There are 2 protein chains.
Amino acid sequence: MALPPSEGLKQLAERTGVSISTVSRVLSGKAEKGRISVKTRERVLHEAGLQGVVINEVARGLRLRTTQTVGLIIPDISNPFFAALARQAERASRVRGYSVLLCDSEEDTEVEAGNVRLMRSRRVDGLVVAPVGGRHDHLAAVQKLGMPLVLLDRLLPELDVPGVASDNAVGAALAVEHLLKLGHRKIGCVQGLPASSSNASRVSGFLDAMARNGILVPPSWVVGKDYTIESVKQEALKLLSIPSRPTAIVALGNMIALGVLHAARELEIQVPEQLSLVSFDDQPWAEWISPPLTTVAQPVEEMGARAMDLFFETLAASGSNITPLNSRVILPMTLIERQSVTRLA
Amino acid sequence: MALPPSEGLKQLAERTGVSISTVSRVLSGKAEKGRISVKTRERVLHEAGLQGVVINEVARGLRLRTTQTVGLIIPDISNPFFAALARQAERASRVRGYSVLLCDSEEDTEVEAGNVRLMRSRRVDGLVVAPVGGRHDHLAAVQKLGMPLVLLDRLLPELDVPGVASDNAVGAALAVEHLLKLGHRKIGCVQGLPASSSNASRVSGFLDAMARNGILVPPSWVVGKDYTIESVKQEALKLLSIPSRPTAIVALGNMIALGVLHAARELEIQVPEQLSLVSFDDQPWAEWISPPLTTVAQPVEEMGARAMDLFFETLAASGSNITPLNSRVILPMTLIERQSVTRLA
DNA sequence: TTGTAAGCGTTATCAT
DNA sequence: ATGATAACGCTTACAA
């Protein structure tokens, strides 16, 4: 329960024979400004080196009112896409001397609200969150408090907060146009969590692109309600069992594509001969799937990096009284053609 | 730079007209023990509810000498295997009222040492780490300090510390025996990071199993030095380019299998017709690869859960003067047969 | 039943 | 060039 004892400024000061303040000054690099003599500085540094002096950041945080940590809230860290974003976030923080406190919201708004509360009580310096969607008063509150906040992957239209996301709508349009060009008309769509804005953008991008080409998609042709593989399979089964079934499906996520494949196998429908498939979120394995998956890819590394840039800018702005910028950066998606789509006779 | 202002005990106390200690007592549930009148308790709770009082955990941590956070150090959070472990760790911590401070060591011992130092200065209550391997005096130091520490996925034979890992050696033996049974004798091996203990166990398990069956593997038949797909491809290319090349390869990781596939494709070697392949770490996509991958799977969820159980036991033991248990739990691996292996004529 | 005050380990202000 | 000392916001004896 108790923290392990360890050397602090006090002990160091005693052993060195100087005051705590002096030690504090040299250890925090304020030796120049405090005009500490080179001699004492050396001595303190030397002693500090011998004993592994680890200054207590929690005391420091209390005094300085900053914890040098960013709160990262992710809906599912085991999802490779979010894991990649987390990696960027951690690295970007680390190189700037910040740590990351990680919370998984489990795609649940209530859990997310709890996460936010926790982060607040832990006094993180700001939040980077990929919001579940739906209710978001907890995020609005954070913003109102003036706490730095940037959104990741999923933007909240109702909330005027900086963030970075992919251009999901045109991504979906890319998929649709590719399919259309190859002669498909009967195109279905399997979505993930309807509440999430990235998903919603993809769906509306899909619908709009179809409409622009004069095709009205029956509501029952967009199915899906979450990311679990079994649920996706059931939803896809519904879509593929109707009398005049689609000749192509766009799966709004990589795991979703796998679910669709499961359904197709169960119904003995050959992909791509009898069913074309476009998926989202490219992965290293996508080209090795049978058939190699045509996907709409997002620039994951860049998303993470840009989000963190934005975060630290926001943080800096919140310190000074620079006008708190409010950028939303939308990154382009790209279609990667492989072999899960065929031209319709 | 500064934390956003927010209600604390002091403000609440003023508005309620009681002392800070009273507020502290009711908010920390010590109302019974402190025998606070029901009336004041209600009043405080009521006011606290109105204003979103968020108690300052950093001040609390300073006073109580505990931060209720566990430091998690992972060599690469973007690796799905580690991401899955991280998820378990986060969840297990959250349900127990703990938070997770996440560091990525980038498979670099020096970075890892830095991570440890950071965690120490942040006063996390203990560490869960999947160590890079190689140097580990920083971990020994943690242990010597009496700070709870449990190892994940990779054990350190030289260090007597609790931890959980898969039975990598028998996992490798499983792969070897499967191959042997189907008539293969010329079996190569592509490893990941040689320094990591899980990798080392797999390699020695592989070698031992071969030896038990009277086969001496030439050193040049175990290649590989890290997990990057391009490097794996180059290494596999070496292995597959020798005059009398292996008829089977065991790839000690899922990304490694992909690298081998790349190499085989480049050399126009058909899998499994001309080369059998067994990989490690099953993934949802493994059955959809062409050909579906025969793999040795580890119980990832269980690993994470068990490790966290162990961690919290260790934590509890470190508080009381219960003898600090020192369990190492080794979980079984299982062979999943799919179609990347053929019987040799 | 409630309040006062000391102390957790820092940093910053003000003396010296 | 350095040392005392007062916060930072909490918990917890000890007083009242």
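Note on naming: letters A, B, ... go to the chains in the order of the sequence lines (proteins, then strands), and numbering restarts at 1 for each one. Bear in mind the structure is a predicted one, so any value in this text is a computation, not a measurement. Both backbone and side-chain heavy atoms feed into the values below; hydrogens, waters and symmetry mates do not.
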When the distance from CZ of B:Arg43 to P of C:dT2 is rounded to whole Å, what number comes out?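 Value for this atom pair: 8 Å.
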
Atom CZ of A:Arg41 and atom P of D:dA1: how far apart are they, to the nearest Å?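 Rounded to whole Å, this separation is 10 Å.
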
Sequence-distant partners of B:Glu106, side chain to side chain donor-acceptor pair (under 3.5 Å), two or more places apart: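 Per chain and number, B:Glu106 pairs via side chain to side chain donor-acceptor pair (under 3.5 Å) with A:Arg91, A:Arg94.
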
Listed partners of A:Glu42 passing side chain to side chain donor-acceptor pair (under 3.5 Å), at least two apart: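 In terms of side chain to side chain donor-acceptor pair (under 3.5 Å), with neighbours along the sequence ignored, A:Glu42 is linked to no residue.
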
May I ask you to decide whether B:Arg15 forms a salt bridge with B:Glu7, counting only side-chain N to carboxylate O separations under 4.0 Å?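 So B:Arg15 pairs with B:Glu7 through a salt bridge.
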
Nucleotides 9-16 of chain C: protein proximity per nucleotide (B base, S sugar-phosphate only, - neither; heavy atom, under 4.0 Å): BBBBB---

If the cut-off is 4.0 Å, is B:Thr22 near the phosphate of C:dG3, judged by side-chain N/O to OP1 or OP2?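 Checking B:Thr22 against C:dG3: at least one side-chain N or O falls below 4.0 Å of OP1 or OP2.
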
Less than 3.5 Å apart, any donor N or O on the side chain of [X] or [Y] sitting next to an acceptor on the other?
X        : Y        : answer
A:Asp125 : A:Thr66  : yes
A:Ser99  : B:Arg122 : yes
A:Ser21  : A:Ser24  : no

Which nucleotides of DNA chain C pair, in dot-bracket form (Watson-Crick or G-U under 3.5 Å, | meaning another strand): ||||||||||||||||

Pairs satisfying salt bridge (Lys or Arg N to Asp or Glu O under 4.0 Å), at least one member in residues 139-157 of chain B, at least two apart: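 Found B:Glu107-B:Arg154.
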
Enumerate the residue pairs fulfilling ring-ring contact (aromatic ring centres under 6.0 Å, His included) with a member in residues 109-145 of chain A, sequence neighbours excluded, ordered by first and then second residue.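 ring-ring contact (aromatic ring centres under 6.0 Å, His included) check on residues 109-145 of chain A returns no pairs.
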
